[in-house]
Structures are given as structure tokens and as C-alpha cells.
Amino acid sequence: MDNLSVEHLIGIEDLTARDIEIIFQTADRFKEVINRPIKKVPSLRDTTIANVFFENSTRTKLSFELAEKRLSADVVNFSASSSSVTKGETLVDTVNNILSMKVDMVVMRHPNPGAAKFLAERVNAKVINAGDGTHEHPTQALLDSYSIREKLGEVKGKKVVIVGDILHSRVALSNIYALQKQGAEVMVCGPTTLIPKFIHELGVKVEHNLRKALEWCDVANMLRIQLERQDIQYFPSLREYTMLYGLDKKLLNSLSKEIVVMHPGPINRGVEITSDVADSKQSIILNQVENGVAIRMAVIYLLASKIER
Ligand code: CP
């Protein structure tokens, strides 16, 4: 099989449509593996991977760790809050110390946009971006598209609306790149203050009315309001946001067609989405989480095959 055109996974912006297809075909094989009674393959027995997290995570951290262990890699975990970073150590010094323990690949989440690229240019290891500030979250976008492909047969030609805090969302930017590269139409929906001014340059539609956006789409990806990244108040109150942009069962059931509902997590139940929508048969939220392991196995496997030993 062909391999990826990139040496690291920094962002979807760097990938070709063919790269995405190669990742999906590899993930198909790993999805079959993780549904077997013995969910493990020996492929990466000679590879050591460090998961370096400078920001909190539940899904991404667990999913990468599980993917690495399913591939039989040796895994070390690093959390900034309990490390010498708190004593002033720099990012490059921290990672070079980890690499001198013979680590082949670094999976990194960092609050600063560009941190993964910065690291990839300075260390002798493969780098996978697990989210860099408001920039990109490439494996999330890959698992989102993979889940649409699984549910609707293909991504090409599908209409996908991304709803909510687009301004602060790395998931939105990575999804826009991934969906467009696969031939989907993309719309963003949210209050004017949470839609970036440059959004038209990305070739997406913009809609401020949630009902109109939902009537247009095949798939709605409901994003979390990222209060931790908001230094000013972008809307009067969470209650008002929910009234205008929250998806509840009444609105979902009133649409003229059955749409697919997604959410990257973590969910704020009752804010961007109600519990009965999150748990409905139209929701593929848990399928997204399951597919995350297969997608991350595929990315790690494909990049590991490029390591010079
Ligand atoms: N979707 C996502 O990135 O979730 P975590 O922040 O829990 O990793």
C-alpha cells in the first residue's frame, strides 16, 4: 500500500485527499482487529511512543494510549502539570530529555498554536499533533470524517454544518480542511462573535440561524463552547446561547429529514446539546470515540513505517 506524503501529522491542511483515503483504508483493517477477542497486533513491538500532554484531555489521551498498546508499542505518558515544566523547563528541553530515553514518536497536545510544527522542526522523532491551541486537531477531524463515511457510505457530496464556537475551535478548522478535501460541502453556524472574520477565505457557507442550518445539512457537528479560551464575553449568557444555538429533541424532530448528530466531546449536556439528543439513535457520538482508536492506530502505524532505524 502507498504511504503518507507527510513525515509528521501536524495538521489536515498538509494532507492530500489520497493521504486521508490511505488512513481510512488502514483504519478499516485496525477496526476489524479491535473487534476481535484478542485486540492486539505485534506491528510496533520495536517502537517507543511518548504521549506529552501540556493541556487536559480525556478522549484523545486515552484513545492514543489504547491505539499504541493495541499496536504493541512501548508507551510513556507525560503530563505537564506534574512535571519539571512547572519549574521553568522549555518545551524543546523537555521533549529532548524524553527523546534521549530512545523515544521514536511524540504525540503532543499543547495550548499554543504552532507548537507541534515547532517541535517537529527541532527533534529527531515523528510528531503527531493531538491538538495545538486554536489551530488544528487532525486526528479528531479524521475520526469525524471516518464516522460520517461509516454512517452515510461516503463523505463526498455530503452537507456538514459545524455549530457553535468556531472562533476558538481547532476541531472546526481541521474538520473544514478534511471535509473539503473529501468533496463535502461545509457550513458554519453560530453567533457572529464566535465566527472568525477570515472564514469566507476557507470557502465555507455561514448561517446564523440554527434551524436553517439544520434544514440544509445531512450532518450536524455540535461544538462545545470553549470558555477556557474566551478572554472576553462573546455572548450575553450561556442560557441565551442555548436558546439560540442549542440542539434539543423538539428541534431535531421538527426537521424535514433525519440528520446525523455528532459531537467531538467533552459534551456540556444542556448547553450545546440536550441529553436526549446526545443519546438518540441519530447521534453517532460514541461511534466517533470508538473510531478514534482505529484512526489513531492507522496514523501511528503509517508514520512508524517511515522511521529510519
Ligand atoms: N475531543 C477531544 O479532544 O476531547 P479531549 O479534550 O477529552 O481529548
Side-chain angles (χ1 to χ4, degrees), residues 9-13 23 27 49-70 75 77-82 106-116 127-148 150-151 160 162-179 188 190 194 219-230 247 260-269 271-273 277-279 283-300:
L9 180 58
I10 306 302
I12 302 289
E13 190 179 11
I23 293 168
I49 305 177
N51 299 313
V52 179
F53 278 68
F54 291 87
E55 226 187 39
N56 293 341
S57 168
T58 301
R59 275 146 295 272
T60 311
K61 193 161 182 287
L62 283 176
S63 180
F64 266 113
E65 194 174 338
L66 212 49
E68 291 150 5
K69 288 179 173 167
R70 299 270 190 255
V75 180
N77 288 304
F78 167 91
S79 166
S81 58
S82 57
V106 178
V107 175
M108 184 174 77
R109 171 167 288 190
H110 198 281
N112 294 344
V127 174
I128 300 178
N129 180 8
D132 59 335
T134 54
H135 177 224
E136 282 225 37
H137 191 349
T139 54
Q140 179 69 47
L142 289 167
L143 73 89
D144 289 343
S145 284
Y146 186 80
S147 302
I148 294 172
E150 185 178 71
K151 180 75 180 176
V160 181
I162 306 171
V163 180
D165 185 358
I166 313 298
L167 185 66
H168 299 97
S169 176
R170 53 195 174 210
V171 174
L173 188 60
S174 288
N175 260 278
I176 290 168
Y177 289 137
L179 291 164
V188 294
L194 290 177
V219 179
N221 195 350
M222 306 300 295
L223 302 183
R224 180 175 67 87
I225 291 291
Q226 299 182 57
L227 291 172
E228 75 277 20
R229 296 193 202 288
Q230 298 185 5
L247 178 55
V260 176
V261 178
M262 304 176 71
H263 195 303
I267 300 176
N268 289 314
R269 286 176 185 252
V271 179
E272 64 273 4
I273 191 170
V277 172
D279 303 332
S283 157
I284 59 166
I285 294 170
L286 291 179
N287 306 73
Q288 291 172 257
V289 178
E290 181 186 341
N291 288 333
V293 178
I295 283 288
R296 289 175 174 120
M297 285 174 82
V299 168
I300 293 165

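In each ligand, atom 1 is the first atom listed, and ligand 1 is the first ligand listed.
- You'll find the side chain of Ile176 reaches within 4.5 Å of the side chain of Ile162, heavy atoms only.
- For Lys69, the salt bridge (charged side-chain N to carboxylate O under 4.0 Å, His left out) test picks out Glu65, with sequence neighbours left out.
- Taking the side chain to side chain donor-acceptor pair (under 3.5 Å) definition, one finds that Asn221 meets it with nothing, sequence neighbours left out.
- Annotation: ring-ring contact (aromatic ring centres under 6.0 Å, His included) contacts of Phe54 (sequence neighbours excluded): Phe78, His110.
- When each of Ile300, Ile23, Asp144 is tested with Ile295 by the rule side-chain contact (heavy atoms from CB on, under 4.5 Å), just one qualifies, namely Ile23.
- Sparse packing is recorded around CG of Asn56, with 12 or fewer heavy atoms of other residues, nucleotides or ligands lying under 6.0 Å away.
- Using a heavy-atom distance under 4.0 Å as the criterion, the protein contacts of ligand 1 are Ser57, Thr58, Arg59, Thr60, Arg109, His137, Gln140, Pro264, Gly265.
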